[in-house]
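Contents: one structure, followed by commentary.
We're numbering straight along the sequence, starting at 1. As the structure is a computational prediction, the values presented were derived from the model and not from experiment.
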Amino acid sequence: MPELSHRRRLLVLAICCMSLLIVSIDNTVLNVALPAMQRDLHADTAGLQWAVDAYTLVLAALLMLAGSTADRIGRKRVFMAGLVIFTLGSVLCSLAPDLSSLIAFRMVQAVGGSMLNPVAMSIITNTFTDPRERARAIGVWGAVVGISMAAGPLVGGVLVDSVGWRAIFWVNLPVGLAALLLTLRFVPESRAPKARRPDPLGQVLVIALFGSLTYAIIEAPAAGLLSVLPYAALALVALTGLLIYEPRRAEPLIDLRFFRSAPFSGATLIAIAAFASLGGFLFLSTLYLQNVRGLSALHAGLWMLPMAIPTFLCAPLSGRLVGSRGPRLPLLIAGGAMTVSGVLFAAFEAETSNVTLFLGYVLFGIGFGFVNAPITNTAVSGMPRAQAGVAAAVASTSRQLGQTLGVAVIGAVLAAGVGASSYRGTFVSAARPGWWILAGCGLTVLVLGALTTGAWARRSAERAARRLESREVREAARVIT
């Protein structure tokens, strides 16, 4: 990629953030619309879980393929294809006649979305080469998540109350088209120096692992453990196959060598825990505010602001802290705040009082605002620039997998607790185990943040990077000779 002026780099960052905005806002808007969709499409709790998870599941399964493909054939080309498919999928979702069609069209959306976030992050990584400047850019990137969390519930609430839930998908159209035209004009093409070959078997194993695991979790409350046992077994077989097959490939879909770096492994697990907490938090909050408190979609969206605004404000601060002091402090703040928030709901039933509900939302927003920048920065820093697309895709996959599992697990816990009863009478007691799980996710962020950001972890990252670079050189020499 040619060296760009400062103004041009900021423009590229803005374009990439537009893609993140439509992918992120789609989830927050959808969560506010869940009760309206439940009534209109006659969906149960599992149906609502699939409406959310069909999107995040496909994203998680295809992100690494999209990242390596972009490194191979061109990041700008894949990024533009993703914008087209995502925008088309949004149109189809707005026209869905039933729940099954909506789930299918959400999967189309996700195919396009898988080409956006990891590719955009790879573009940012190759555009901002100075570590401090890159950390600030990633902080801005994280702030966009806060914007989506703030704008999504409000925009969704207004649209659901005034037009209907189908209108939530119209938001993506102008943003997607604008991003497409700006990318065509201002984003330079870039690709990895050495093209990576496709790994179709690895891709099939990833899809089998994520799909069967999610299905087993979501359907277990209704179908029973024995009925979903074959899907759990399939997930275990797929995981075993990945661990055996991928290290044998010269250019695997999932380069397990990345995980020799303690910071990278820690960032992956932190991403899963943090975004599982986000997915479960939004799912529980939306159903409680509308189905139990009886709030309209707009009023429920307004109640999300105490969570969204701190996320928006803390994300750029986290990026600056990562650039100046490293990832440890932001991760400790994030883990501590998310843990306390979960404990407030689990042990003190924070949702039953406006004061504690507000405090729980603020604490979660602070925690989630601080967690994003260190995850992304750790994932791509210390990796060879030629591998930036794949490394960023692994981090993005961890986020989407975490959100998928969060909705699946928390929804399953809630469904098992509610049973055939109404939400209003049993929600608080049925949701309590779910809040304890979310508190555990926050504690995981705290502990891993402390363990994987020390001096030994940095040495681990340096050794892993040297091994990656030396192997790349050896493979390139073998190709030449």
**Message:** Run the side chain to side chain contact (heavy atoms under 4.5 Å, CB included) test on Leu317 and Phe370 for me, step by step, so that the C-alpha distance in whole Å, both residues' side-chain angles and the decisive distance to 0.1 Å come before the verdict.
**Reply:** CA-CA 8 Å; Leu317 175 60; Phe370 272 98; 3.7 Å; yes
**Prompt:** How far apart are the C-alpha atoms of Leu102 and Cys93, what are their side-chain angles, what is the distance that settles it, and do they pass the side chain to side chain contact (heavy atoms under 4.5 Å, CB included) test?
**Reply:** CA-CA 6 Å; Leu102 177 64; Cys93 286; 4.1 Å; yes
**Prompt:** Can you check side chain to side chain contact (heavy atoms under 4.5 Å, CB included) on Phe210 and Thr404, steps first, answer last?
**Reply:** CA-CA 9 Å; Phe210 292 174; Thr404 301; over 6 Å; no
**Request:** List the steps, then state whether side chain to side chain contact (heavy atoms under 4.5 Å, CB included) holds for Asn172 with Gln109.
**Result:** CA-CA 11 Å; Asn172 300 327; Gln109 261 191 315; 3.5 Å; yes
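With rounding to the nearest 0.5 angstrom, the CE atom of Met80 is 12.0 Å from the CG atom of Leu116. Here Leu401 contributes atom CG and Thr268 contributes atom OG1; the two are 10.5 Å apart, rounded to the nearest 0.5 Å. Put simply, CG on Leu182 and CD1 on Ile15 are 5.0 Å apart, with the number rounded to the nearest 0.5 Å. Atom CE in Met37 sits 10.0 Å away from atom CG in Asn31 (nearest 0.5 Å). Taking CD1 of Ile309 as the start and CE of Met304 as the end, the distance is 13.5 Å to the nearest 0.5 Å. Atoms CG and CG, on Leu451 and Leu269 in that order, are 11.0 Å from each other to the nearest 0.5 Å.
Looking at Arg249, its side chain never comes within 3.5 Å of a backbone N or O of Gly202 through a donor-acceptor pair. A donor-acceptor pair under 3.5 Å is formed between the side chain of Arg248 and the backbone N or O of Ile244. Listed for the Glu189 side chain is a donor-acceptor partner under 3.5 Å among the backbone atoms of Lys76. With hydrogens and angles ignored, the 3.5 Å screen pairs no side-chain donor or acceptor of Ser94 with any backbone N or O of Ala167. Side-chain atoms of Thr311 come within 3.5 Å of backbone atoms of Gly365 as a donor-acceptor pair (strictly under, hydrogens ignored). In this structure a side-chain-to-backbone donor-acceptor pair under 3.5 Å is missing from Thr214 to Gly211. Proximity of a side-chain donor or acceptor of Ser19 to a complementary backbone N or O of Cys16 within less than 3.5 Å is detected. Between the side chain of Ser318 and the main chain of Cys314, no donor-acceptor pair closer than 3.5 Å is present. Listed for the Thr452 side chain is no donor-acceptor partner under 3.5 Å among the backbone atoms of Gly266. Between the side chain of Arg75 and the main chain of Pro188, no donor-acceptor pair closer than 3.5 Å is present.
Evaluated for a side-chain hydrogen bond (donor to acceptor under 3.5 Å, both in side chains) with Arg106, the options Asp26, Thr56, Asp53 yield exactly one hit, Asp26. For the side chain to side chain contact (heavy atoms under 4.5 Å, CB included) test with Met115, the passing option among Val84, Leu63, Ile85 is Ile85; the others fail.
Note on ring orientation: taking the six-membered ring where Trp is involved, the planes of Trp165 and Phe169 are perpendicular (angle over 60°, cut-offs 30° and 60°). Between Tyr55 and Phe86, the ring-plane angle classifies as perpendicular under the 30° and 60° cut-offs. Ring geometry for Phe364 versus Phe281: interplanar angle under 30°, hence parallel rather than tilted (30 to 60°).
Two residues are said to be in side-chain contact when any heavy atoms from C-beta on lie closer than 4.5 Å; Val206 and Leu242 meet this criterion. The shortest distance between side-chain heavy atoms of Phe275 and Gln400 does not fall below 4.5 Å. Ile168 has its side chain within reach of Leu30: a pair of non-hydrogen atoms, C-beta onward, lies under 4.5 Å apart. Between Thr127 and Arg8, the closest side-chain pair of non-hydrogen atoms is not below 4.5 Å. Side-chain contact check for Val175 versus Thr87: every heavy-atom pair is 4.5 Å or farther apart. Annotation: side chain of Glu246 is not in contact with side chain of Leu205 (no heavy-atom distance under 4.5 Å). Residues Cys17 and Val140 have side chains in contact (heavy-atom distance under 4.5 Å, counting atoms from C-beta outward). Two residues are said to be in side-chain contact when any heavy atoms from C-beta on lie closer than 4.5 Å; Leu83 and Ile22 meet this criterion.
In Phe105, the CZ atom is crowded: over 12 heavy atoms of neighbouring residues, nucleotides or ligands sit closer than 6.0 Å.
Scanning both residues, Val228 and Ala223, for their nearest heavy atoms gives CG1-CB, 4.4 Å. What you find for Phe79 and Ala120 is that their closest heavy atoms are CE1-CB, 3.8 Å. The shortest non-hydrogen separation linking Gln403 to Leu278 is OE1-CD2, 4.4 Å. Scanning all heavy atoms of the two residues, the minimum distance from Leu48 to Ala43 falls at CD2-CB, 4.3 Å. Considering all non-hydrogen atoms of both residues, Arg166 and Leu95 come closest at NH1-C, 3.7 Å. The two atoms that bring Val32 and Gly156 nearest to each other are CG1-C, 4.2 Å, heavy atoms only.
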